[in-house]
Structures are given as structure tokens and as C-alpha cells.
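Take a look at the structure below.
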Protein chains: 2
Amino acid sequence: MPPYDPSAFPPFAVTVDLVVLTVRRHALCALVVKRGEQPFQGRWALPGGFVRADEDLDGAAARELVEETGLCVHDPAAPAPVPGTGAHLEQLATYGAPDRDPRMRVVSVAHLALAPDLPAPRAGGDANSARWAPVEDLLGPEGAGAHEDGQAEPLAFDHARILSDGVERARSKIEYSSLATAFCPPEFTVGELRRVYEAVWGVALDPRNFHRKVTGTPGFLVPAGGTTTRQGGRPAQLFRAGGATLLNPPMLRPEV
Amino acid sequence: MPPYDPSAFPPFAVTVDLVVLTVRRHALCALVVKRGEQPFQGRWALPGGFVRADEDLDGAAARELVEETGLCVHDPAAPAPVPGTGAHLEQLATYGAPDRDPRMRVVSVAHLALAPDLPAPRAGGDANSARWAPVEDLLGPEGAGAHEDGQAEPLAFDHARILSDGVERARSKIEYSSLATAFCPPEFTVGELRRVYEAVWGVALDPRNFHRKVTGTPGFLVPAGGTTTRQGGRPAQLFRAGGATLLNPPMLRPEV
DNA sequence: ACAAAAGTGTTACGACTACACCCATGT
DNA sequence: ACATGGGTGTAGTCGTAACACTTTTGT
């Protein structure tokens, strides 16, 4: 079997870019890194890098995630995810406009990662070149990537669009899946889970109905045994994420 | 700004593969083409091809779709979609396992297309090398890509997986969007739309409740004026797809 | 005592399911 | 007359929204 004729197709570079989301101080935040070189030098961008020659796409995304955050993809089959705690990682979409990188033709396979609140990002040891930024600051209130009245500069390349798509994916996916627990530590309270929904959707939810809903959805939460009083007030039961991945009935996002 | 150092990244070939779905004779069918060369010579595969040097990913997918089916992507801005009728086209996912093509490293950006029932596929003029095959025959009843008791051969490469993902996307997306109309001709009856849902989901739906639901969902259907008696029985009103893309409340797929 | 957060009970409403029933055409 | 598919009405059920109310802590 002959190999491809190299003249039959144009050469591409393939990268992975990461939309890493977390919830900090009641706000949905994304991990951004400062670019050290042209183009877009000094501007904020999504973390990412080249896919290696013998590497799967998901493997490249998981490697970048570890390099940037110390997070380890949660794999039920693995004995113990050593570096850092677990996180959710899934493919988001692929971006390959011919002019998206002025240097050459680059196709980027974007991935979406959801992580619990972490102490501080580490950008390969390089301090203050990586940070958690509120999504609203990066995209503007409308989420369209536009910027008004002296906000921060727009993200490099087409990363505003990628981030916007990732946020929209997260917002819709926590409706019908148990993914919101990926934003929580291993043990969490119903109130903490509710604040995740409120931060990601940007709405206020009724604590009473929310409690009934999540504790009544089979497989969503399992009691972890203890209680905590992290938030003040009456101690709350601690829960762990249950085995269910699809929620039935789904959580309902309030209307406009 | 210097160009990339070519030794800094491995070279990739980037292709688009198409999952083209339609509903024929009450069955969900996919377009497959017969491979004329190694590897997998003589086996059925999804249509696809290389992305050209100056071409967007969606543009490459649209070009392949026209080449294989004569279908034209429906673009509201275009003056008139000349070749063939309209169709829905969206990016599905990207597949890039290092060994998915034995010849070299190929990353394939799969796209999902939904089309109304067409007279016959045309594979670049090459007759009987392209056909509409029931998805159940291609994937087996479980949809896992496995084959039992002398069914047709499995699809080439990882195309069974890609097709399976595309079918699952279509099945879930017609729940909460108006995409099912993409399987219908420009004017259609409520019964024809119901048979689309029944074929894609593989279930039987109550005609009375279905009628009330779709006609009562704002923006889903708009009356086209006439009636037809294509199916026998009382003449049915003709409808066109309305402006709404997201259905609220969604269509509910019956439980197992 | 008071504030704050966690939970429980109750009522009203909207949407779905199932099925009885009528309508309009072809044979 | 009858079969076939189109369309409407109605009762039971399930899930949610809204909100009153009790519980358990910290200050």
C-alpha cells in the first residue's frame, strides 16, 4: 500500500486549545495565558499547543491540561489520578479558517475542561502569565466577544469565539447532565452546587426548589455522610457525585 | 514575524468526512460510497476528502456535499441555492487517532448533513458506487458498530464510530430544535414530519398528540396554504418550516 | 435574640399521556 | 359503506414555581 502523495494535499499544523472553566467567587472564570511572542504578543489567549506525532487528540488535550493547571482528567479506570484533582474534559469543536493564524495553516481542535476552584494557576512555572479571568470580562456582557468602554483587550486569534462556544456548551450541558458536579470539590453541599448553577447561568435559583430537585433526581447525588458549616447557618449535608451522567428530568434554566 | 519552524510540529493531513442522513421508506439512511483503493478497498465508507489549502472547514464540507449529492447548503443570505435543494450542515466532531489511517497521520473533521429524500445518489458520475444504506444495516441494531450473523461488512476506518456519533447527534438534536424539518421537502404535512421523528428515533408516536404539539409550538411550522392527499385519507394541511430553530418546550422522546 | 443558610409542606398551574370522538377523502 | 389518515376534546397524572414555615448553627 503506497503512502499518500505529499503533493496531493496541503500540509497542516494541528493544535489543541483549551477552554478551562471554573467557578470562583460566584463568577464563571476561564483560564487564560499571556502570549510571549508574535502574533498577538502580550495579549491573553487560551492555553494550547501542538499535537504530537504519536498522540491522540484527547491525549494532547489532557497533556496540556496537566501542564497548565496540574489537573488530571478523571478516568474511572485509572488507579489514582496522581497530579492534582480530577476534571472533566471533552472535545468542543474544531476551528480551521485559512487565515486564523497569519503564520501558516493551523487547525485547532478545541476542548472544554471543567474544574473545581483551584488555588492558583501555574503556567509552566512562569508566574503571573496565567490567570483565571471572569468570562464576562473576557467576552463582554453579551458574550459576543465585543468590547466596549475600555474593557480588557480581546483575546488572541479566534479565541473569543472558541471561549464563547465553550461557555455555551457548558451552560447547556449542565441542564441535562450531572456535569455541574465537575465544578465542585469531591464533597460538596447542595448550596454549593446551586451556586455553581447560578454562576454558570447567571441567574438566581430558588434554594428550596433546587434542593428538592437535585436530591430527588435519581443518581445525581449520593450522601457522603458528614455535614459542614462552611457557609454559615445551619450545617448542610455533604454529597458526592452519583453515578448518573444524564439527568432525567433535566434541570430547567429559567427563561429570559 | 517569522513563520513556524517546520521541525517544531509534525505534518498532518486534514480531511472532512460527511455523515449525510435522510429518511427513506420509514428508515433512517446514511450515504456511503464504495472505496476504490487501498486501504479498505471495496468496502463502504463515508464520503469525504482533503481540505484544500485556502478553504474553510465548513466550506470543504459543503463542497464535498455538493460533489456527492448535488445538495446545496441552505444559506439564508444566498440569492438562490442553485444546485439541488437545501440541506442542513453542521460540524460534528474531529477524529485523529494516530493509527486511524495506516498511510499517514490524518485528522478528519466530521460533519453532519441532513437532507430530504433524494431520487438517487450520484458519486461523481460513478454509478452504483454510492448508495443510501439504512443506518441499522451499517451499525447493527445496537448501533455499536458491531456486526452479527452475516450482516454487511463494517465500514472502513473509524467510520462506524463517526456514523454512530452523527446518528446520536441527530436523534438528540431533533428533540430541542426544528432540525427534523431538514429531512422534509420544502412543503410537508404534519404526518410526514411525524414519520421523520418515528424513523429517526425508531419509535411510534401518537398522531393526535404529535399534531397538537408541533402546531402549538410557536415558530416551528407555518401554514403553506394548500392541502395534499399524498398519503390517502383526509387531505392534510401543508406547512413550511417556521423561523424558530430552538423548540420550547422540546419534543419528548418516549422512554425505553 | 438575631441573622443566615438548610430543609419541608402545600397549593396552583402548565404540559404531557391516553383515548374517545369527529372530519374528509379514495375505493 | 368502509378504510385511511387528519384533526379536536377531555380527564388523569406528573413536574414545576412560588412561597409559608420549621430547623440548626454562629455571633
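We name chains A, B, ... by the order of the sequence lines, and we start the count at 1 in each one.
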Whole-Å gap separating [atom2] ([N]) and [atom1] ([X]):
| X | N | atom1 | atom2 | answer |
| --- | --- | --- | --- | --- |
| A/Leu252 | C/dG14 | CG | P | 16 Å |
| A/Arg212 | D/dC19 | CZ | C1' | 10 Å |
| B/Arg253 | C/dC16 | CZ | P | 16 Å |
| B/His26 | D/dG5 | NE2 | P | 9 Å |
| A/Phe188 | C/dA5 | CZ | P | 19 Å |
| A/Lys213 | D/dA18 | NZ | P | 14 Å |

For DNA chain C, the residues among residues 229-241 of chain A that have a non-hydrogen atom under 4.0 Å from it:
A/Gln231, A/Gly232, A/Gly233, A/Arg234, A/Pro235, A/Ala236, A/Gln237
Could you list by number each residue of residues 193-210 of chain B showing a heavy-atom separation from DNA chain C of less than 4.0 Å, or answer none if no residue does?
B/Asp206, B/Arg208, B/Asn209
List the atom of [X], the atom of [Y], and the distance in Å for their closest heavy-atom pair.
| X | Y | value |
| --- | --- | --- |
| B/Leu205 | B/Glu198 | N-OE2, 2.9 Å |
| A/Ile174 | A/Met251 | O-CG, 4.1 Å |
| A/Ala113 | A/Leu89 | CB-CD1, 3.9 Å |

Does NZ or CZ of A/Arg25 fall inside the cone over A/Trp132's six-membered ring, less than 6.0 Å from its centre and within 45° of the axis?
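No, cation not above the ring by the 6.0 Å, 45° rule.
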Side-chain contact test, heavy atoms from C-beta onward, threshold under 4.5 Å: evaluate it for [X] versus [Y] and give yes or no.
| X | Y | answer |
| --- | --- | --- |
| B/Cys29 | B/Pro134 | yes |
| B/Leu193 | B/Phe220 | yes |
| A/Arg169 | A/Leu92 | yes |

DNA chain D base-pair string [pairs: Watson-Crick or G-U under 3.5 Å; |: paired with another strand]:
|||||||||||||||||||||||||||
Reference residue B/Phe239; test side-chain contact (heavy atoms from CB on, under 4.5 Å); the match among B/Val222, B/Thr181, B/Thr215:
B/Thr215
Taking B/Val135 as the fixed residue, which of B/Val19, B/Val200, B/Leu28 is the one that meets the side-chain contact (heavy atoms from CB on, under 4.5 Å) rule?
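Of B/Val19, B/Val200, B/Leu28, side-chain contact (heavy atoms from CB on, under 4.5 Å) with B/Val135 is met by B/Leu28 alone.
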Take A/Phe210 and A/Tyr197 through the test ring pair (Phe, Tyr, Trp, His ring centres under 6.0 Å) and record every step on the way to the result.
CA-CA 10 Å; A/Phe210 183 88; A/Tyr197 275 91; 5.6 Å; yes
Any side-chain N or O of B/His211 under 4.0 Å from OP1/OP2 of D/dG6?
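No, outside the criterion.
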Would A/Asp165 and A/Tyr95 count as having a side-chain donor-acceptor pair, cut-off 3.5 Å?
yes
